[in-house]
*Asks:* 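Handing you a structure now.
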There are 2 protein chains.
Amino acid sequence: MQHLADRYGHGPVQLAEIAGAQNIPAKFLTVILSELTRYGLVDSRRGRDGGYWLAIAPIDISYGDLIRIMRGSLALVPCASRFAHEKCKNCVEEGDCRTRALMLDVRDRTAQLLDGVRLSDRIELVPAFEAEGPVNDTGNDTGT
Amino acid sequence: MQHLADRYGHGPVQLAEIAGAQNIPAKFLTVILSELTRYGLVDSRRGRDGGYWLAIAPIDISYGDLIRIMRGSLALVPCASRFAHEKCKNCVEEGDCRTRALMLDVRDRTAQLLDGVRLSDRIELVPAFEAEGPVNDTGNDTGT
DNA sequence: CATATTGTCAACAAAATTGGTTGAGAATAG
DNA sequence: CTATTCTCAACCAATTTTGTTGACAATATG
């Protein structure tokens, strides 16, 4: 999606290009892209010079929308979804569930962040984690 | 865990009691409780009048800790974990990954919330979702 | 029209995860 | 020594994730 957002307005992008950029098997990507197309997020054209492009301007779609469309909800548990609400199985009464109360809060915070970021936004990149250095107790015990 | 927190200081709680309260097969709960015991969150005693109790005072353990101990990390994707960091497979370079940048933010927000709530805290309960009423477009389109 | 190109889609399948069961112990109290 | 209660490894079944296969449909070009 981000790849398509970057190419928005520049005509169709071909499967092979996206697959290469995303390091994912081309055939598998067809499944994903076809799904996105069915969801209406992406348009496509077949044949020579065919490909995929965003059906919606990247400024008009947030990361929150994306997750809602593709995963059904931003919530971590079904009972904490605000729209696609569903009872968790084997759970206590919802009105008495402390876990649910917390998960609703987590969902709301996540939504507040992800609904504010559009596919067109320049996202502040974070440097890669320093892995397997000679010594790695560099004082950064920032939590998990 | 919440059940054990409520009973903290009142001696061992037996498997059967927790299984009943949590609506979960007793035999399955043994697996979970034994795991919690191995993780050091819970202590246990066998034999008559045996049972489980919290190894740590409920005021000294946050929901964030709980999730870190049991799931390894608060992050939704391995590369967004601050402590148990791991590369996601089939992913682009971490330093270039916008998804990771967002997921790190989500993790931080989640941590800020869950690290601030202790097992001993009285959690504001949320009324159960109104399900399957006669008409349910009650104007609450609050998002998913 | 023929052909090469490129997406579509249903069906299958391997691997991992989730949710759970079984059954043989081992500790503890009485 | 017996009843109670937790321990733990080894399964098992269902589901989800992560793909693969192959036949087909649309499009552009010559």
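Labels below follow one simple rule: chain letters A, B, ... track the order of the sequence lines, proteins then strands, and each chain is numbered from 1.
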*Asks:* Apply side chain to side chain donor-acceptor pair (under 3.5 Å) to A:Gln2 and list each qualifying residue two or more places apart in sequence or on a separate chain.
*Replies:*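 Once residues adjacent in sequence are excluded, the partners of A:Gln2 under the side chain to side chain donor-acceptor pair (under 3.5 Å) criterion are A:Tyr63, B:Thr99.
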*Asks:* Between N or O atoms, less than 3.5 Å apart, protein on one side and nucleotides 3-5 of chain C on the other: list the pairs.
*Replies:*
unit_1 : atom_1 : unit_2  : atom_2 : d
C:dT5  : O2     : A:Arg48 : N      : 3.2

*Asks:* A side-chain contact here means heavy atoms from C-beta on lying under 4.5 Å apart; do A:Leu76 and A:Thr110 qualify?
*Replies:* no
*Asks:* Among all residues two or more places apart in sequence or in another chain, which pass the salt bridge (Lys or Arg N to Asp or Glu O under 4.0 Å) test with A:Asp43?
*Replies:*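 A:Asp43: no salt bridge (Lys or Arg N to Asp or Glu O under 4.0 Å) contacts found.
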*Asks:* Who pairs with B:Asp105 by side chain to side chain donor-acceptor pair (under 3.5 Å), at least two apart in sequence or on another chain?
*Replies:* none
*Asks:* Give the residues of residues 21-40 of chain B touching DNA chain C, defined as any heavy atom closer than 4.0 Å, sorted by residue number.
*Replies:* B:Pro25, B:Lys27, B:Phe28, B:Val31
*Asks:* Is the shortest heavy-atom distance from the side chain of B:Met1 to the side chain of B:Leu54 under 4.5 Å?
*Replies:* yes
*Asks:* Run the salt bridge (Lys or Arg N to Asp or Glu O under 4.0 Å) check on B:Arg98 and A:Asp121 step by step: do they pass?
*Replies:* CA-CA 10 Å; B:Arg98 280 174 280 181; A:Asp121 290 342; over 6 Å; no
*Asks:* If you look at every strand shown and take non-hydrogen atoms under 4.0 Å, does B:Asp43 touch a base, only sugar-phosphate, or nothing?
*Replies:*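 Since no nucleic acid heavy atom lies under 4.0 Å of B:Asp43, the category is nothing.
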*Asks:* Which nucleotide of DNA chain D is the first, and which the last, in the 5' to 3' direction, to come under 4.0 Å of a heavy atom belonging to chain B?
*Replies:* D:dT4 to D:dG19
*Asks:* Once side chain to side chain donor-acceptor pair (under 3.5 Å) is applied, do any residues pair with B:Ser44, and if so which ones, sequence neighbours excluded?
*Replies:* none
*Asks:* Who passes side-chain contact (heavy atoms from CB on, under 4.5 Å) against A:Ser120, sequence neighbours left out?
*Replies:*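 Partners of A:Ser120 under the side-chain contact (heavy atoms from CB on, under 4.5 Å) test: A:Pro58, A:Ile59, A:Arg118.
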*Asks:* Quick check: on DNA chain D, is the nucleotide nearest B:Asn90 upstream (toward 5') of the one nearest B:Arg45, or the reverse? Name the residue that is more 5'.
*Replies:*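 Mapping each residue to its closest nucleotide by heavy atoms, the 5'-most match is B:Arg45.
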*Asks:* Who clusters with B:Val126? Use side-chain heavy atoms, under 4.5 angstrom, across I, L, V, M, F, W and Y, and order the result by chain and number.
*Replies:*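 B:Val126 clusters with A:Leu104.
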*Asks:* So do the side chains of B:Leu33 and B:Leu36 get within less than 4.5 Å of each other, counting heavy atoms only?
*Replies:*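 Counting from C-beta outward, B:Leu33 and B:Leu36 do come under 4.5 Å.
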*Asks:* What are the atom names and distances for every N/O pair under 3.5 Å that joins the protein to nucleotides 15-18 of chain C?
*Replies:*
none

*Asks:* Using atom CG of A:Leu41 as one end and atom P of C:dG7 as the other, report the distance to the nearest whole Å.
*Replies:*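 A:Leu41 atom CG is separated from C:dG7 atom P by 18 Å.
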*Asks:* Give me the other members of the hydrophobic cluster that B:Trp53 sits in, counting Ile, Leu, Val, Met, Phe, Trp and Tyr linked by side-chain heavy atoms under 4.5 Å, directly or via other members.
*Replies:*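 In the cluster with B:Trp53 there is nothing else; it is isolated.
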*Asks:* Compile the donor-acceptor pairs under 3.5 Å between side chains in residues 9-18 of chain A and protein atoms, sequence neighbours left out, one pair per line.
*Replies:*
unit_1  : atom_1 : unit_2 : atom_2 : d
A:His10 : ND1    : A:Tyr8 : O      : 3.2
A:Glu17 : OE2    : A:His3 : NE2    : 2.9
A:Glu17 : OE2    : A:Arg7 : NE     : 3.2
A:Glu17 : OE2    : A:Arg7 : NH2    : 3.0

*Asks:* Does any non-hydrogen side-chain atom of B:Arg68 lie less than 4.5 Å from one of B:Met70?
*Replies:*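 Of all side-chain heavy-atom pairs linking B:Arg68 with B:Met70, none is under 4.5 Å.
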